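First the structure, in the form of structure tokens, and then the observations on it.
Keep in mind the model is a prediction, meaning the values are calculated, not measured. Letters go in sequence order (proteins before strands), and every chain restarts at 1. Side chains included, hydrogens not; waters and symmetry mates left out as well; all remaining heavy atoms used.
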Amino acid sequence: MGKGDKGGIFQRLRRGLTKTQGLLIGGVDDLLRPGRGMDEALYQELEEVLIVADVGAEATRRLLEGIRRETKKQGMTDAHDILPLLRREVSEILRPYEAPLSIKGAGDGPFVVMVIGVNGVGKTTTIGKLAYRFTSQGKKVVVGAADTFRAAAIEQLEIWSDRAGAHFVKHGSGADPSAVAFDAVKAAQAKQYDLVFIDTAGRLHTKENLMEELKRIKRIVGRELPHAPHEILLVLDATTGQNAIVQARTFHQALGVTGIALAKLDGTAKGGIIVAIAQELGIPLRLVGVGEGIEDLQDFFAEVFVDALFSRAS
Amino acid sequence: MFETLTERLDQVFKKLKGRGKLTEKDIKDALREVRLALLEADVNYTVVKDFIARAEEKAAGQEVTKSLTPAQLVIKIVHQELITLMGGGENNSLKLSGPSPIPIMLVGLQGSGKTTTAGKLAGYLRDNKKRRPYLVPADPYRPAAIEQLKKLGESLGIDCYTPASGEDPLQTVAKVREQAREKDFDTLIFDTAGRLHIDEELMEELRAIKELMNPQEILLVADAMTGQDAVNVAKGFNDAVGITGIILTKLDGDARGGAALSIKAVTQRPIKFVGIGEKLDAWEVFHPDRMASRILGMGDVLSLIEKTQAAFDERQAEALEKKLRKDEFTLEDFRDQLLQIKKMGSLEDILGMIPGLGKLKGIKAFRPDEGQLVRLEAIVDSMTATERRIPRIINGSRRLRIAKGSGTTVQDVNRLLKQFSMTKKMLKQFNKRGGKGISPAMFAH
């Protein structure tokens with residue numbers, strides 16, 4: 001996906017935002033109108049904009065401190081000049097982690113992606129879209145159903161996998177997840193496929209049994225294929241608040257997350273929590289989910305994200 | 001930096017402790033921390049603003065009495081305001097009167113937990129309300145959504161409607177009533193498709209379903225981890241179909257759950273139930289006072305007591321209490337406790353409800369899963385009576401025999417013995433704390 005797609009995602013995000021007119025608290029454009037001076041009320045309103053976007057109290061405080069320093073240093077007096085400054089600050093936090101998923105570097109064997117996250121964030125859907133992205137590039141893809149826990153999770157993934165034209169590996173419900181992952185990698189090796197996606201059970205990060213299960217999958221995949229899994233992709237839900245950072249931290253400590261996909265950005269949620277996640281954990285930001293269609297998955301671009309964060313219905 | 005709301009407020013009030021008077025500055029300082037804590041708990045910005053203003057007003061008008069310290073006074077005010085905001089005192093039971101079958105509709109975003117909730121609600125209505133529920137899948141969009149509800153129905157032993165291929169939700173509504181009457185079901189649980197509150201087309205579909213089936217209850221299923229957007233989601237659904245209540249899911253995680261406050265404030269509809277785990281019986285009636293207590297670090301003692309009551313045999317509990325007091329806790333008691341835990345839900349959930357106990361060291365290491373419980377039972381059963389009473393005599397050769405007898409390994413036996421001694425130690429600590437209001441007697445009633 002090249003930069004040409006930026007218009008696409010931006011329009012999509014915009015469209016989402018347009019639909020929310022009247023729901024959202026007024027955006028920044030209003031409050032930063034030219035001619036307005038810089039007073040305490042202005043900073044309070046900025047705080048509100050950032051917090052309402054789920055940026056978080058602590059990250060917001062840090063951002064606004066930086067802004068105060070800058071405006072003082074540059075001798076700014078017009079509120080209108082603050083917006084470019086604030087945008088730049090946020091972009092600078094995100095840009096270092098703008099890193100699309102690359103499937104190079106797996107050597108001769110398949111590139112293995114293990115997909116993790118709590119319940120209901122959109123792991124299965126994200127795998128479906130990702131598989132489709134690569135099959136339509138002519139890659140041969142295996143999808144392994146290692147969520148053997150949730151009712152009908154296997155069936156749901158199989159439908160997505162079929163839509164994407166991927167090879168599907170499954171065991172029965174309740175089967176050992178690491179055995180499924182093992183078989184998926186084996187199948188990819190035998191048939192010389194390019195990519196393996198392993199779906200895992202969505203369970204709250206506070207359940208240690210789940211973490212052990214995930215570590216086991218990772219270990220067994222790595223034993224079969226050195227350096228695999230090449231990517232441990234954490235899916236976060238854009239509507240989640242401050243708990244997303246706890247999720248990211250917990251999964252990262254347990255497994256070493258190598259990339260983040262932010263799902264459900266097509267609603268009114270802004271997903272501002274990834275600003276705090278980038279600041280604290282510095283995990284590469286790979287993808288954003290912007291709808292339920294199989295093509296509704298885009299590479300993460302800091303600039304586009306910041307646009308959406310600060311823009312409102314026009 | 002990222003303490004839970006509970007810990008945060010603990011700190012706030014620690015600062016207040018030991019001072020004689022509650023000055024205006026004290027209130028402001030405390031409430032500034034409360035504000036920050038609430039924002040970090042994902043309570044909506046505007047809701048927090050209102051909350052703080054109200055709390056400040058209340059605190060300013062209060063006189064410091066002799067019976068309460070300033071800290072206790074602030075806790076009381078904040079606690080009371082939280083309860084009020086979350087609907088304390090209002091009726092949050094389901095409306096189940098009217099001609100049969102009574103339709104209940106579940107709505108919400110994708111991934112909020114509607115299908116699991118539908119299963120839990122059906123089980124609750126059957127087991128606690130003597131209803132005959134019928135699960136109705138109305139989600140032709142998400143792959144395998146219907147399959148998921150059917151499977152949940154199967155594991156509960158509750159019937160689930162099967163839509164014809166290509167049947168849309170409106171056709172389902174038309175057909176299902178008749179079927180329900182024929183089969184004598186008195187409650188229909190309608191699991192609608194997850195949708196965005198800004199998806200006009202799908203919201204239109206919800207309105208059409210509502211009109212056709214005229215539900216007694218339209219329940220918004222919301223994820224307790226939701227951030228600031230909770231207000232938009234709640235407002236969106238409420239404006240479109242007029243919800244009658246809220247079910248909060250995934251409260252078993254470590255999210256601070258500020259969404260509960262936000263949604264309640266925006267919709268002014270009662271929160272009726274909370275989902276507290278993956279299992280189909282991990283579900284509770286919502287208690288605003290308990291939730292407020294929990295937020296304020298007073299623990300969820302009441303919920304714990306209710307759960308304990310449901311699962312524990314009273315006489316057994318009394319016997320256990322005596323043993324705890326006398327420090328005579330044996331491996332047999334340990335096994336019995338594990339079996340009780342199996343009935344009560346996960347140990348984590350239970351421990352999380354006891355104030356102060358979640359912080360005790362050593363508890364995290366001890367988390368049996370179901371399979372483990374079966375193995376532990378087998379190991380204890382393979383011991384002699386003397387071994388169970390005096391575990392320290394279990395030497396290497398005895399361990400080997402026990403492992404063989406129970407079909408486990410020596411490592412498993414070792415682990416069990418270690419867990420036993422840890423539990424014993426933990427119970428001792430627990431016993432010592434008994435004097436401070438949390439006593440083992442809790443298990444008795």
Residue of the set A:Thr268, A:Ile273, A:Val52 for which side chain to side chain contact (heavy atoms under 4.5 Å, CB included) holds with B:Gln228:
A:Val52
Identify whether the distance between the nearest side-chain nitrogen and carboxylate oxygen of B:Lys150 and A:Glu155 falls below 4.0 Å.
no
Identify which part of B:Glu147 has an atom lying under 4.5 Å from any heavy atom of chain A, answering side chain, backbone, both or neither.
both
Segment of B:Arg35 engaging chain A (4.5 angstrom heavy-atom cut-off):
side chain
Between A:Glu292 and chain B, which part of the residue has a heavy atom less than 4.5 Å away: side chain, backbone, both or neither?
side chain
Measure the shortest side-chain to side-chain distance between A:Thr239 and B:Leu109 over non-hydrogen atoms and say whether it is less than 4.5 angstrom.
yes
Output for pair (A:Arg61 CZ, B:Leu36 CG), nearest 0.5 Å, gives 8.5 Å
Tell me, out of B:Met225, B:Arg142, B:Lys151, who's got the most heavy-atom pairs with chain A below 4.5 Å.
B:Met225
Chain B: which of A:Ala152, A:Gly272, A:Ser173, A:Ala263 shares the most heavy-atom pairs with it under 4.5 Å?
A:Ala152
Which atoms of A:Val118 approach chain B - backbone, side chain, both or neither, heavy atom under 4.5 Å:
side chain
Heavy-atom contact with chain A under 4.5 Å, split by part of B:Ile146
neither
Region of B:Gln110 in contact with chain A, defined by heavy-atom distances below 4.5 Å
both
Distance, nearest 0.5 Å, that separates CD of B:Glu40 from CD1 of A:Ile245:
10.0 Å
Applying side-chain contact (heavy atoms from CB on, under 4.5 Å), run through B:Thr116 and A:Arg150 and close with a yes or a no.
CA-CA 10 Å; B:Thr116 305; A:Arg150 184 174 65 84; 5.7 Å; no
